[in-house]
Protein chains: 4
Amino acid sequence: MKNNKPKYNQIIEAAVQVIAENGYHASQVSKIAKKAGVADGTIYLYFKNKEDVLISVFTEKMGQFINRITESIEKKGNASDKLLALIDMHFRQLSEDRYLAIVTQLELRQSKAELRLQINKVLHPYLKVIDQVIEEGMQEGVFPRDLNVRLVRQMVFGTLDEVVTNWVMKDQKYNLVAQAPDVHALLTKGLSVS
Amino acid sequence: MKNNKPKYNQIIEAAVQVIAENGYHASQVSKIAKKAGVADGTIYLYFKNKEDVLISVFTEKMGQFINRITESIEKKGNASDKLLALIDMHFRQLSEDRYLAIVTQLELRQSKAELRLQINKVLHPYLKVIDQVIEEGMQEGVFPRDLNVRLVRQMVFGTLDEVVTNWVMKDQKYNLVAQAPDVHALLTKGLSVS
Amino acid sequence: MKNNKPKYNQIIEAAVQVIAENGYHASQVSKIAKKAGVADGTIYLYFKNKEDVLISVFTEKMGQFINRITESIEKKGNASDKLLALIDMHFRQLSEDRYLAIVTQLELRQSKAELRLQINKVLHPYLKVIDQVIEEGMQEGVFPRDLNVRLVRQMVFGTLDEVVTNWVMKDQKYNLVAQAPDVHALLTKGLSVS
Amino acid sequence: MKNNKPKYNQIIEAAVQVIAENGYHASQVSKIAKKAGVADGTIYLYFKNKEDVLISVFTEKMGQFINRITESIEKKGNASDKLLALIDMHFRQLSEDRYLAIVTQLELRQSKAELRLQINKVLHPYLKVIDQVIEEGMQEGVFPRDLNVRLVRQMVFGTLDEVVTNWVMKDQKYNLVAQAPDVHALLTKGLSVS
DNA sequence: GATGAATGAGCATTCATTCAT
DNA sequence: CATGAATGAATGCTCATTCAT
């Protein structure tokens, strides 16, 4: 655990706040250090460089994010319910941490290509969770058996991501979690007339 | 016509290439000027500043992009066919211009908040086109009449965007256009078992 | 005469105005050309370069300036009266042309050392006029015969220059010409108790 | 004391030299840094920007300048002697620091309006010292009681400034300090015949 | 003579990272 | 472990001048 290293966590938390408040490009190392209550140099005792701080921010937060979603869906009986739970928890967690929402949906995307590649690696386990739900649904017969899992996953993740980004850009003015059932309905039924 | 202003177009085209090849942050004005075959200062005869070049790149390209999609869908008889045509042309155009695909899916997203706001404005007409197709489908009875248009549009655009981004990140190794019918099927039928 | 070359004068007059209104550093060649109603390149048909425009501005204006002072003092009977007339005309001319005052007292001094050297050459005839008045006064016995002419001239010119500069920097709020008799009295009597 | 901040003084001294040697406009920050033996960025640890360096140069030097003059004149018994001491010290200090003389008389005057405004503020205390000497002389009866203090001060300062500037432009070839008694005699007696 | 589109040299400032203490 | 003073590379933009028309 990183609890032994309180400064590590202080820096991570400071980074999220500083980025959310100042934007990615105005988030200097010195600003993060100040908010964390440590010297600039101290950051380099815990992280290789600035990029490493950002990746670690995403890794730490995404770890929790995925864990909660996994917990949430494993109680559910079928793939459709799991998908709803996944959407609900996805929206819920970003709703509950406005800083995190801003950082993941807007600021971290401004980073250069290399960094975003590494961020995608961190995202990978989440995409696997989505894949599992889809595959489970196919096996259960809840979803069609001939789905292209990759495409479905891209539809699911792309939709959730777009919905959240729009919500963040509208200054988080409306209730995101309340949209979960509609989004779930849309994804499962598509545009087909019942 | 912009044929009267050949340098304007030279600079736009150079910018797309330079950004695609070097990445957003390594695309210095001097590099764009060199590729365009003009002096650095010449860029400032046609554009207010570097940001203006980038916005213009996006505006010019997106204008053509939307026009072709609009042309393509207006021949179609019903909303479902129009949606398919839209997806097909969306994929087709980005397939045919690998530089443009890289720039729109990866590089331009690294720009700072203000610039991205303006990019969103340019994107807006495209979102309106999607909305129209959805609304038309609802009126025709091809799509359910009780759809939340905003959510559907976010699903459609989010899905297309995610599919294209994944394709770009996989170095455009597979045939993107060939995915259009499957994506269309997915969006219209969702995950429902026939 | 330069009357044959109306554009020459247009450019000179435009330069004075542009410098007075925008300050020395914000007075681009293009701005002067626009105000003069000519193309940028036209300026280079009449002047070697930008510096040449500035020197010519000063030369033209200083020529008139000296001529009027010379005319004014030659009517006077003795050196002391001539000195008073010189001071009066010095103040009067700068009072009557606020643009010229700003340009000579403030803006033209921001030019680089080389240019200022040439400006000093243009100023030289005026200093000679002052010298003549002093020497005349010494011969007449109106002024002491053992004066160091150079020092006296520096006192006279330095005083006038400082008085005018202070007046310009106080936004020309008070009557400069009205100070002439007091300045004359001061220079002639000094700080001696009568 | 500024001895705790050796770099601050190194930069100030380097700036004076670089400006005197290269002229105001050719005095890049990098050149000053190099002469001071520090990195470019170090300058920004001690000064807000380049202008701040220049103002600080003038402030530091003018502070010393005024202090020495104040010390020098307070020992003197009457206003006339004080004026002589002021002139002597004014000339003496600029004679002893050829770099400072060039910078104050020529280079710093090329700065733009805003900077010159701040330079004038720094000069203000010196003008007040001159005013005090004049007022003291009027009270003592050494100078006429009906003097216009402002005008006298402008005569005194204008004369000293002009004398020093001429000396600097003549490449400091003659003995400036030796002129002090003559200048004093001129200012006190004026052009009156004894 | 007149035009004005094109040129390209030149520079203050920021900030991630290091390392002596 | 922790500090924070010092480093130095990196770049968008302006504008005097030219020259083909």
Side-chain angles (χ1 to χ4, degrees), chain A residues 5-8 11 25-34 36-54, chain B residues 4-8 10-11 25-34 36-54, chain C residues 4-8 11 25-34 36-54, chain D residues 5-8 10-11 25-34 36-54:
Chain A
K5 297 187 171 181
K7 300 217 167 159
Y8 177 93
I11 294 166
H25 286 108
S27 295
Q28 300 89 337
V29 170
S30 61
K31 215 177 256 177
I32 295 172
K34 195 173 182 183
V38 301
D40 293 15
T42 303
I43 288 187
Y44 292 85
L45 297 175
Y46 294 92
F47 302 90
K48 216 174 75 214
N49 51 31
K50 186 184 177 181
E51 245 179 37
D52 191 29
V53 176
L54 300 174
Chain B
N4 323 347
K5 294 188 172 182
K7 302 234 157 129
Y8 178 93
Q10 281 171 41
I11 293 165
H25 286 106
S27 295
Q28 300 89 335
V29 170
S30 60
K31 215 176 257 177
I32 295 172
K34 196 173 182 183
V38 300
D40 292 18
T42 303
I43 289 187
Y44 293 87
L45 295 177
Y46 295 92
F47 303 91
K48 222 173 69 218
N49 49 33
K50 186 183 177 183
E51 221 171 62
D52 190 29
V53 176
L54 302 173
Chain C
N4 324 347
K5 298 186 173 181
K7 300 218 167 157
Y8 177 92
I11 294 166
H25 285 108
S27 295
Q28 298 89 339
V29 170
S30 62
K31 214 176 257 177
I32 295 171
K34 195 172 181 184
V38 301
D40 293 16
T42 303
I43 288 186
Y44 292 86
L45 297 174
Y46 293 92
F47 301 92
K48 217 175 72 213
N49 51 31
K50 186 184 178 182
E51 246 181 34
D52 190 29
V53 175
L54 301 173
Chain D
K5 295 188 172 184
K7 303 235 158 130
Y8 178 91
Q10 281 170 40
I11 294 165
H25 286 106
S27 295
Q28 300 89 336
V29 170
S30 61
K31 214 175 259 178
I32 295 171
K34 195 172 182 183
V38 301
D40 292 16
T42 304
I43 288 187
Y44 293 85
L45 295 176
Y46 294 92
F47 302 91
K48 219 173 70 216
N49 49 32
K50 186 183 176 182
E51 221 171 61
D52 191 30
V53 176
L54 301 173

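The sequence lines fix the lettering, A, B, ..., with proteins before strands; numbering per chain opens at 1. All of these numbers come straight from a predicted model, not from anything done at the bench.
Which of E/dG8, F/dT11, F/dC13 sits closest to the side chain of B/Q28 comes down to F/dT11. Comparing E/dG1, F/dA16, F/dC13 against the side chain of B/Y44 picks out F/dC13 as the nearest. With E/dG8, F/dT7, E/dA6 as the choices, the nucleotide that has an atom nearest any side-chain atom of B/A39 turns out to be E/dG8.
Counting to the nearest Å, the C1' atom of E/dG4 and the CG atom of B/L45 are 10 Å from each other. Summarising the geometry, the separation between CD1 on C/I43 and C1' on E/dG4 is reported as 12 Å, rounded to the nearest angstrom. Atom NZ in D/K7 sits about 17 Å away from atom P in F/dG4, given to the nearest Å. Taking atom CD on C/E51 and atom C1' on F/dT17, their separation rounds to 14 Å, with Å as the unit. At whole-Å resolution of the value, CG in A/D52 and P in E/dA16 are 14 Å apart. The nearest whole Å value for the distance from the CD atom in D/Q10 to the C1' atom in F/dA5 is 14 Å. Look at OH on C/Y8: it is 14 Å from P on E/dG1, rounded to the nearest Å. Rounded to an integer number of Å, the gap from D/N49 CG to E/dT13 P is 5 Å.
Using a 4.5 Å cut-off on side-chain heavy atoms (C-beta onward), B/K31 and B/K34 make no contact.
As judged by a 4.0 angstrom heavy-atom cut-off over every strand, A/Y46 is placed among residues touching the sugar-phosphate backbone only. Among the protein residues, D/V29 comes within range of the nucleic acid bases, having at least one heavy atom under 4.0 Å from a base atom.
Here the side chain of B/K50 pairs a donor or acceptor atom with the backbone of B/S27 at under 3.5 angstrom. With hydrogens and angles ignored, the 3.5 Å screen pairs no side-chain donor or acceptor of B/K7 with any backbone N or O of B/V38.
With DNA chain F read from its 5' end, the first of the two nearest nucleotides for B/K50 and C/D40 is the one closest to B/K50. Nearest-nucleotide mapping onto DNA chain F: of B/K48 and A/V38, the residue sitting toward the 5' end is A/V38.
D/F47 and D/D52 get closest at one heavy-atom pair: CA-OD2, 3.4 Å. Annotation for C/I32 and C/I11: closest pair CG2-O, 4.0 Å, computed over non-hydrogen atoms.
For A/T42, a side-chain nitrogen or oxygen approaches OP1 or OP2 of F/dT3 to under 4.0 Å. Residue C/S30 places none of its side-chain N or O atoms closer than 4.0 Å to OP1 or OP2 of F/dC15.
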Checklist entry - Can A/Y46 and A/V53 be said to form a side-chain contact (heavy atoms from CB on, under 4.5 Å), step by step? => result CA-CA 9 Å; A/Y46 294 92; A/V53 176; over 6 Å; no
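Rotation axes derived from the C1' atoms of the five outermost pairs at either end of the helix from E/dA2-F/dT21 to E/dT21-F/dA2 lie 10° apart, to the nearest 10°.
From C/N49, atom CG reaches atom CD1 of C/I43 across 11.5 Å, with rounding to the nearest 0.5 Å.
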